[in-house]
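Chain naming here is simple, since letters A, B, ... match the order of the sequence lines and numbering starts at 1 in each. Just so it is clear, the values below take in all heavy atoms, side chains as well, and ignore hydrogens, waters and symmetry mates.
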Amino acid sequence: MSTANLVPLVYNSLVNLRTSTNFNGVHTQFNSLLNYKNGAPNTQAGAEAWCASVMDTNQYIIAGSENPKTYVAVSIQGRGDLDQWVTSFKVRYTLDGINWKEYRNGSALPANSDRSTVVTHFFDQPIRARSIEIRPLTWNVHISLRFELYAQPEQHSFTQVGRGISPGANTVLNSTTNTGAREVLVDVAFPVEFKSTPIVSITLGHIDTTSADATGSDVYQQTRVDVQAINITTKGFKARFYVWRNARAYDLRADYNSLVNLRTSTNFNGIHTQFNSLLNYKNGAPNTQAGAVAWCASVMDTNQYIIAGSENPKTYVAVSIQGRGDFMYFYFN
Amino acid sequence: MSIANLVPICANSRVNLRTSTNFNGVHTQFNSLLNYKNGAPNTQAGAEAWCAAINDANQYIVAGVDTPKTFVAVSIQGRGDADHWTKSFKVRYTLDGITWTDYRNGGALPGNTDRSTVVTHFFDQPIRARSISICPLTFNNQVALRFELYAQPEKYSFTQVGQGVSPGVNSNLNNSGDNEVFIDVVFPVEFKSVPIVAITFDHLDTRSTNAPDTDDFQQTRVGVQATNITTKGFKARFYVWGGCRAYDLRADYVATTFD
């Protein structure tokens, strides 16, 4: 198991950290990142660890985020500038923010035996949580630790819904003299502008159709009607209602769902140099992350549908099912 | 270009801030807001800036947000209570949390020349990111700064989907006349405000009883709509008219709020 392709939440400043106690103003969670260094011989930045001020089993550091995260692993490390480390710890977490659970029923996980070796624990199952707590159980000399939390990358989607898009009653779609393929385009403006071009699913909720085909023909009374979204921009789209052959639509009404999946790609130049110039990751995480470029290359694919398929938030999957429904072709036997 | 109509996310406490190092417990990111004042002559609140403990080009302050933001500009300012400021800096950012990108390929942006003048840089293109890092490159005396990040306002949407809403087989819709059937639908969880609901068909089984050779012989006339929408659910109204009869219908819905 590897932390490549996982998001380092503490490093990325994606979690808020709260501690039970801090030894003083320079022994805080601010110094708790894996491999944190204070710049010795200048040690004004303080301890190379978060250090509690009380030595008992009621000390902890909690990481919280606004949106749930899927935690895959936790790394823990000793204090860098003194012989202090946690030798065992337990993990607690909450998803709803009210009910807390104990990972492995509160049993102890092995931690450190020196200042610098990083110990990484991959959870038996990924933990879905908004807050997660690391609680030292036993320690060497003093409760001090540096750590990292690794989560799966997450998608963010934004959805807008519209109702009652209609070409109007008795349009050219209803003509008996102008038969064959006919279309009516209706301009639709989104309530707010999207940050990027959305996928739009548009389907029919009101159907009033018939056919002018001759009695006895193979296509007599065949229903042929369709609606689709075209010319989609961040601000809106054109709803294209159309019929073909001799089908007639007296009236149609459609609803739409529009969705952006905001996990878009950016430039990947220079990642190697930038990442290695920052705090040293001794557990190999930045090295394997450089390997993640290959995975990130799939993000460059402009087919966001595929990217969505590689993650698994529940609501997104449900909306994507809806997305397949934007072409309805029905017939009568 | 103006910062009006942009969200000052540090002032609004919308970001988590992590620094490379802090000079001590009262020179932290807590004091990094633009125009931060420590209440002098009472200076117990500490430095009027975030100040690093190490003075080199490896220091930074990184702002992280849970949902992506569109960053439009960054403002930077010197330390208010001493002659320390950042003379030039670069910006790095990540959207997926794994791959980092250098703004302008790591090119230096002009910072400050005094304690108090705010310098604002509007990004060439708005930057879409979950984490963004301000990295001082050159500095006057010590690495120190106050700053702000400006982002576009963002809406947040919440969507629930339901499948298989149906009036049932051979309902009143299968009798002659203009008929409607209401089906109560309860959302899986209650919305925080009344949603918009889109409901449309995925299963149709209909016919018509109009007389042959009439203009609407075999006309398909069927519809579904969401009525009486509350935060808890709605009534799905299935209807037929003008001679059309529906043996069975099934609809899916999407309900969304945003704010």
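- For B:R104, the salt bridge (Lys or Arg N to Asp or Glu O under 4.0 Å) partners at least two apart in sequence or on another chain are B:D124.
- Atoms CG and CG, on B:D205 and B:L173 in that order, are 11.5 Å from each other to the nearest 0.5 Å.
- Comparing A:H27, A:K69, A:R163 by heavy-atom pairs within less than 4.5 Å of chain B, the highest count is held by A:R163.
- A:S65 touches chain B through backbone and side chain together, each having a heavy atom under 4.5 Å away.
- Among A:V10, A:D251, A:N31, the residue with the largest count of heavy-atom pairs under 4.5 Å with chain B is A:V10.
- Of the candidates A:D208, A:T210, A:T209, B:R221 forms a side-chain hydrogen bond (donor to acceptor under 3.5 Å, both in side chains) with just one, namely A:D208.
- Ring centroids of B:F71 and B:Y93 are separated by 6.0 Å or more, keeping the two rings apart.
- Under the 6.0 Å distance and 45° angle rule, B:R207 does not count as a cation-pi partner of B:Y247.
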Under 3.5 Å, which donor-acceptor pairs do the side chains of residues 187-195 of chain B form with other protein atoms, sequence neighbours left out?
residue	atom	partner	partner atom	Å
B:E190	OE2	B:T231	OG1	2.8

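- When each of B:T70, B:V197, B:D216 is scored by its heavy-atom pairs under 4.5 Å with chain A, the top score falls to B:V197.
- Only the backbone of B:L17 comes within less than 4.5 Å of a heavy atom in chain A; its side chain stays farther off.
- For B:Y239, the part sitting under 4.5 Å from any heavy atom of chain A is the side chain, from C-beta outward, and nothing else.
- Across B:S157, B:G223, B:A129, the residue that shares the most heavy-atom pairs under 4.5 angstrom with chain A is B:S157.
- Neither the backbone nor the side chain of B:Y103 comes within less than 4.5 Å of any heavy atom in chain A.
- Of the residues considered (B:D56, B:V26, B:T257, B:N24), B:N24 shows the highest number of contacts with chain A, using heavy-atom pairs under 4.5 Å.
- Ring pair A:F190/A:F194 is perpendicular by interplanar angle, where above 60° counts as perpendicular and below 30° as parallel.
- Formation of a donor-acceptor pair under 3.5 Å by the B:T256 side chain with backbone atoms of B:I196 is not found in this model.
- Heavy atoms of B:V224 lying under 4.5 Å from chain A belong to its backbone as well as its side chain.
- With a threshold of 4.5 angstrom between heavy atoms, B:F258 approaches chain A through side-chain atoms but not through N, CA, C or O.
- At a 4.5 Å heavy-atom cutoff, the contact between A:N38 and chain B is made by backbone atoms alone.
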